[in-house]
Amino acid sequence: MCDDNDNQTYWEADVDPFTRKPLWDSSDLRSIRKTILVPGEMKIIHNEKFDVPMLDNILPGLMDEWPWDYTHDTLISGHLINSNEPHDLTSQVLIHLGLNIKPVEDKLHEATAAARRMCRTKAFIAQFGQWRIAEKGEEDLPSAKDATWQFDTFLPRMVAKYQWEASDAYTALENRQPLSIIEKSNGWEWRPPSEVYEGYHPWWTVLSEYANPDSGVLCYLAKAHHKCLHANDLWSIYLERMKLVPQLCAMESRGATLHQGRMTELEERFTKASEAAGRLCKNIASRYDNYKLELPKNGMNNSLRGFLFDTMRLESPIKTDSGAPSFDKNVIEHFMLTLPTKSKELTFVEKLREKRSADTALGYLTSYRKYMLPDEVMDFYLIHSKVNPTGTATLRNSSQDPNSQQVSKKEGFNLRYVFGPLPGREWWSIDYDNLELRIPAYESGERVMIDIFEKPNDAPYFGSYHLLNASIVYPDLFWPLAEKKGAFKEKYGSTYYQWIKNFDFADQYGAMLGSGTADLAAHKPGAQAMVQARLKEKNKLNNKYIDLANKWGFVETIPDIEVNPRRGYPVYCSRSKWGRVSPTIPLNYHVQSTACWIKMRAMFKVEEYLRANKLDAYIILEIHDELIFDFPFVKDKGNLHHLNAIRKIMASLGDCVGIPLTCGLSYHPHNWAQAS
DNA sequence: ACTCTGAGCGCC
DNA sequence: AAACGGCGCTCTGAGT
């Protein structure tokens, strides 16, 4: 089924590496997948009545045989079966059941869009008044983004009803039945049913015709998923993973608190900064042949582009993905270093940077305003970000509306300042130390790295991976400063230390030897080759996972001895059109996902601890390798013993996958920005 | 009016 | 052929 050659197709690799059985229990996966590209017709489970019938009417007996007492989630199982595939119901049903419900969805979309258009016409408004149509940016629809029509799926039926009840035919009819609405080029008109076709206008039922198969197929999909999970020894992993659902729900509904006063304070400061910088930019531009610069609200627009590249004739050293000259923060950094001091150009670039930073921060604050809800305590508000445990191709959760995993901690723009505990509460955060470095280090047995983690107080590295690499890449600069803790960082904080940090992240995230990006970050040709020569074991591990990914299509997390010692969570790696997995992906996915598996298991045990001790304390935010806690305020860090216990629990989860771990603790009594 | 993409930028 | 991983959000500007 799966031989190791370059021409293997995407789905031929979906084989369990242990049993060598296809991960797919369906009869012919290839033909099913092909149907994704060929819209087909599905037998719609249709009910003649207007009202959506009970599920049991559609699928008799289902309720009796199905274990509904346990919350099953096809998103969780779908992700476990193939982390890299679309997990929306339409795609999953197509893949696992060979049913295409897309046409029903499309019909609903078409009808809703048409109804929305109709409601906006003068004739309609004259007859029925102004109806409210969902629009982007409305205050009480904060999560309405592009697919606003989805908020109006009730509309076709409502329009049909109003049109029918307003018609003369309706009142004239003894045996009252809804008529059909016919769209004509000159508007809308009514015809009695006999002139159209037998039955009703589709708008009466377009929503239920969408909803019925939607709920119906879900049951069969769950069955297909479960079969697949059992067949591939993934059931225990699934059950463990399902514990996440109620816990994330609880986290979401509790929310995080923020203080409006602090928010206003920042908004005022950033608004002033943005306006001042923007004015200066425009003034400078006007000195170039009276250039009328229109600054974008953020990022880039044609006016700014024209001024930078055509009028000022700046030559960007970096190109965007599409090959156009870029002017992002790296380019700005470049020009700050190279443009002549006191030149108009330099001032412009500086001011543009100030404006962008202020605008970006303001943008985030605006989005927090959009989503925040009043709390019971004066001037405090709540934000309930949505957490999606199947939102990434790895085991990370994604966060949405707003994304609370990207709250700025930039100097001068630290937005964590607005978040913080209510009066009478306090926040704590615990994060893993070097989680994503420790995993490959211990897994590969890379002694040099392990020593750093195990001797955090010893010279020359004092527990710092950055310093290790600095010693390899800049030996002449490093070794004279090796004996004193912090000396290298102090002397080269904005140059070599910063560069080696950038290098480390590039290397950690898989920058390829030969591409030169890591070397560029380190400002030293050959840097990556030097580091890789020292870290042979880690390099071998990288190659191992690249090979595995090419062979099987996925890599696995390190097996958890408490859940399933035989296999880990399979994480699928996408292939390029030439059939091979990009070599930057496999180790990355493996490490990132193992890290998140550990953190997820830790969350369960921490929750147990909190409840077992009857604490009025909660996990309120999760940021990949970090948990934020809301505790009742106790003076003199009176909760410290609990936090230390939790820290121990979190670290102990490393034992399940054989990675020794430690955690760091921060105390936020006033706000999230301030830590002690 | 709606749809889609690219660019830019925040976090880990 | 080309390689720095994972995300979400906003605005732009062109296309439909």
Side-chain angles (χ1 to χ4, degrees), chain A residues 83 109 113 116-117 120 133 135-137 143 145-149 294-305 318-332 353 356-357 359-364 366-368 370-371 385-386 388 391-410 413-416 431-432 434-436 502-518 520-521 528 546 571 573-574 576-593 595-596 599 621-626:
Chain A
S83 56
H109 185 179
R116 277 160 62 93
R117 275 195 301 275
R120 289 195 186 99
I133 310 296
E135 300 290 353
K136 203 171 161 175
S143 55
K145 296 204 168 72
D146 287 327
T148 40
W149 69 270
E294 296 291 332
L295 283 164
K297 286 191 180 172
N298 66 27
M300 181 61 84
N301 66 2
N302 283 341
S303 175
L304 178 58
R305 200 174 280 124
I318 298 176
K319 298 263 178 285
T320 65
D321 288 345
S322 62
S326 164
F327 213 88
D328 64 9
K329 56 183 179 179
N330 298 314
V331 178
I332 288 184
R353 182 168 79 159
R356 279 205 184 151
S357 299
D359 287 345
T360 302
L362 276 173
Y364 281 106
T366 306
S367 76
Y368 301 146
K370 190 167 146 191
Y371 289 102
S385 294
K386 295 178 209 157
N388 182 354
T392 74
T394 71
L395 285 196
R396 282 197 177 176
N397 301 328
S398 64
S399 166
Q400 214 186 341
D401 294 344
N403 182 347
S404 55
Q405 293 175 330
Q406 59 175 166
V407 183
S408 177
K409 41 198 278 197
K410 280 168 76 84
F413 300 95
N414 192 333
L415 302 186
R416 298 189 176 196
D431 65 333
Y432 284 98
N434 290 321
L435 180 54
E436 292 194 4
N502 296 346
F503 169 91
D504 287 345
F505 288 119
D507 187 58
Q508 185 185 333
Y509 291 140
M512 292 295 292
L513 187 64
S515 73
T517 52
L520 227 58
Q528 200 174 13
I546 292 172
V571 185
C573 305
S574 57
S576 71
K577 56 180 162 174
W578 293 275
R580 299 198 63 89
V581 172
S582 165
T584 55
I585 286 179
L587 182 62
N588 206 298
Y589 276 27
H590 166 75
V591 169
Q592 190 178 108
S593 298
C596 285
K599 181 219 60 194
L621 291 173
E622 171 268 333
I623 304 145
H624 309 310
D625 67 342
E626 181 181 355

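FYI, side chains are in, hydrogens and waters are out, and symmetry mates aren't considered; it's all heavy atoms of this structure. A, B, ... follow the sequence lines: proteins, then strands. Residue 1 opens every chain.
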Undergrad: Has the side chain of A:Asn298 got a donor or acceptor atom that lies under 3.5 Å from a matching backbone atom of A:Thr360?
TA: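 Not confirmed, A:Asn298 side chain does not pair with A:Thr360 backbone.
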Undergrad: Let me know the distance between CD of A:Gln406 and P of C:dC7, rounded to the nearest Å.
TA: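 Checked: the CD to P distance equals 13 Å.
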Undergrad: Under 4.0 angstrom, heavy atoms only, what part of the nucleic acid is A:Asp401 near: base, sugar-phosphate, or nothing?
TA: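 The residue A:Asp401 makes sugar-phosphate contact but no base contact.
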Undergrad: Tell me whether the side-chain N/O atoms of A:His109 come closer than 4.0 Å to OP1 or OP2 in B:dT3.
TA: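 True: A:His109 side-chain N/O within range (under 4.0 Å) of B:dT3 OP1/OP2.
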Undergrad: Could you work out the separation of C:dA3 and B:dG10 based on their C1' atoms and round it to a whole Å?
TA: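 Their C1' atoms lie roughly 24 Å apart.
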Undergrad: Report yes if at least one side-chain N or O of A:Asn302 is closer than 4.0 Å to OP1 or OP2 of C:dG13; otherwise report no.
TA: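 Checking A:Asn302 against C:dG13: at least one side-chain N or O falls below 4.0 Å of OP1 or OP2.
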Undergrad: How many Å lie between CD on A:Glu622 and P on B:dC11, as a whole number?
TA: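 After rounding, the gap between these two atoms is 17 Å.
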Undergrad: Within the 4.0 Å heavy-atom criterion, would you say A:Asp431 contacts the bases, only the backbone, or no part of the nucleic acid?
TA: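 The answer is nothing, as A:Asp431 stays clear of every strand by at least 4.0 Å.
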Undergrad: Using a cut-off of 4.0 Å on non-hydrogen atoms, how would the nucleic acid contact of A:Thr584 be classed: base, sugar-phosphate, or nothing?
TA: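 Sugar-phosphate, backbone atoms only, no base.
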Undergrad: If you draw a 6.0 Å radius around CZ in A:Arg416, do more than 12 non-hydrogen atoms from other residues or ligands fall strictly inside?
TA: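 Buried by this count: over 12 neighbours within 6.0 Å.
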Undergrad: I want to check one thing: is the phosphate of C:dT10, taken as OP1 and OP2, less than 4.0 Å away from some side-chain N or O of A:Lys145?
TA: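 For C:dT10, neither OP1 nor OP2 has a side-chain N or O of A:Lys145 closer than 4.0 Å.
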Undergrad: From CZ of A:Arg416 over to C1' of B:dG10, roughly how many Å is that when rounded to an integer?
TA: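 The distance from CZ of A:Arg416 to C1' of B:dG10 comes to 10 Å, rounded to the nearest Å.
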Undergrad: Quick check for you: among C:dT12, B:dC12, C:dG5, whose closest atom lies nearest to any side-chain atom of A:Asn588?
TA: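 My answer, after comparing the listed nucleotides, is C:dG5.
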Undergrad: How many Å lie between OH on A:Tyr364 and P on B:dG8, as a whole number?
TA: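 After rounding, the gap between these two atoms is 15 Å.
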Undergrad: Compare the minimum distances between each of B:dA7, C:dG8, C:dG6 and the side chain of A:Asn403, then state the nucleotide with the smallest one.
TA: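 Within the option list, the nearest is C:dG8.
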Undergrad: Distance check: side-chain N/O of A:Thr148 vs OP1/OP2 of B:dC2, anything under 4.0 Å?
TA: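 No.
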Undergrad: Using a cut-off of 4.0 Å on non-hydrogen atoms, how would the nucleic acid contact of A:Ser404 be classed: base, sugar-phosphate, or nothing?
TA: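 No contact at all - A:Ser404 keeps every heavy atom at 4.0 Å or more from the nucleic acid.
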Undergrad: How is A:Val407 classified with respect to the nucleic acid when contacts are heavy atoms under 4.0 Å: base, sugar-phosphate, or nothing?
TA: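 Counting heavy atoms under 4.0 Å across all strands, the contact made by A:Val407 is with sugar-phosphate only.
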Undergrad: Is any side-chain N or O of A:Arg116 closer than 4.0 Å to OP1 or OP2 of B:dC2?
TA: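 Indeed, a polar side-chain atom of A:Arg116 lies that close.
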Undergrad: Can you see if the side chain of A:Ser515 gets near the phosphate of C:dC4 - specifically, an N or O under 4.0 Å from OP1 or OP2?
TA: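 Yes.
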Undergrad: Looking at every strand, decide which applies to A:Ala393 at a 4.0 Å heavy-atom threshold: base, sugar-phosphate, or nothing.
TA: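 A:Ala393: backbone/sugar contact only, no base atoms under 4.0 Å.
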Undergrad: OP1, OP2 of C:dG8 versus side-chain N and O of A:Ser398: anything below 4.0 Å?
TA: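 Looking at the OP1 and OP2 atoms of C:dG8, one of them is under 4.0 Å from a side-chain N or O of A:Ser398.
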Undergrad: Could you state the atom-to-atom distance from CG of A:Leu415 to P of C:dG8 in whole Å?
TA: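 The answer, rounded to whole Å, is 19 Å.
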Undergrad: Mind checking if A:Gly363 touches a base, just sugar-phosphate, or nothing, with heavy atoms under 4.0 Å?
TA: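 Since no nucleic acid heavy atom lies under 4.0 Å of A:Gly363, the category is nothing.
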Undergrad: In whole Å, I'd like the distance from the CG atom of A:Leu587 to the P atom of C:dG6.
TA: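 To the nearest whole Å, that distance equals 13 Å.
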Undergrad: If you compare every side-chain N and O of A:Thr392 against the phosphate oxygens of C:dG6 (OP1, OP2), does one of them come in below 4.0 Å?
TA: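 For C:dG6, OP1/OP2 do not have a side-chain N/O of A:Thr392 under 4.0 Å.
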Undergrad: Counting distance only, does the side-chain N/O of A:Thr394 pair as donor-acceptor with the main-chain N or O of A:Gln592 below 3.5 Å?
TA: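 A pair under 3.5 Å: no.
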Undergrad: Please confirm whether the shortest side-chain N or O distance from A:Arg356 to OP1 or OP2 of B:dA7 is below 4.0 Å.
TA: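 So the side chain of A:Arg356 is outside the cut-off, no N or O lying under 4.0 Å from OP1 or OP2 of B:dA7.
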Undergrad: Is A:Glu436 paired with A:Arg396 through a side-chain N to carboxylate O contact shorter than 4.0 Å?
TA: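 Salt bridge: yes.
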Undergrad: Side-chain N or O of A:Thr360 versus OP1/OP2 of C:dT10: is the shortest distance under 4.0 Å?
TA: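 The answer is no; no side-chain N or O of A:Thr360 sits under 4.0 Å from OP1 or OP2.
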Undergrad: What nucleic acid atoms does A:Phe413 come within less than 4.0 Å of, heavy atoms only: base, sugar-phosphate, or nothing?
TA: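 Contact class for A:Phe413: none.
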Undergrad: Under 6.0 Å from the NZ atom of A:Lys145, do we count more than 12 heavy atoms belonging to anything else shown?
TA: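 It does: A:Lys145 NZ has more than 12 such atoms within range.
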Undergrad: B:dC11, OP1 or OP2 - any side-chain N/O from A:Ser408 closer than 4.0 Å?
TA: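 Looking at the OP1 and OP2 atoms of B:dC11, one of them is under 4.0 Å from a side-chain N or O of A:Ser408.
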Undergrad: Report the residue from A:Asn397, A:Leu395, A:Asp625 that forms a side-chain contact (heavy atoms from CB on, under 4.5 Å) with A:Lys599.
TA: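 Only match with A:Lys599 under side-chain contact (heavy atoms from CB on, under 4.5 Å): A:Asn397.
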Undergrad: Could you tell me how far apart A:Tyr509 (OH) and C:dC4 (P) are, to the nearest whole angstrom?
TA: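 Interatomic distance, OH of A:Tyr509 to P of C:dC4: 14 Å.
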Undergrad: Does a nitrogen or oxygen in the side chain of A:Lys410 sit under 4.0 Å from OP1 or OP2 of B:dG10?
TA: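 Looking at the OP1 and OP2 atoms of B:dG10, one of them is under 4.0 Å from a side-chain N or O of A:Lys410.
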Undergrad: Report yes or no: do A:Gln528 and A:Asp507 form a side-chain donor-acceptor pair below 3.5 Å?
TA: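 Yes, a side-chain donor-acceptor pair sits under 3.5 Å.
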Undergrad: Measure from OH on A:Tyr371 to C1' on C:dT10 and round the result to the nearest Å.
TA: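 Those two atoms, OH and C1', are 11 Å apart.
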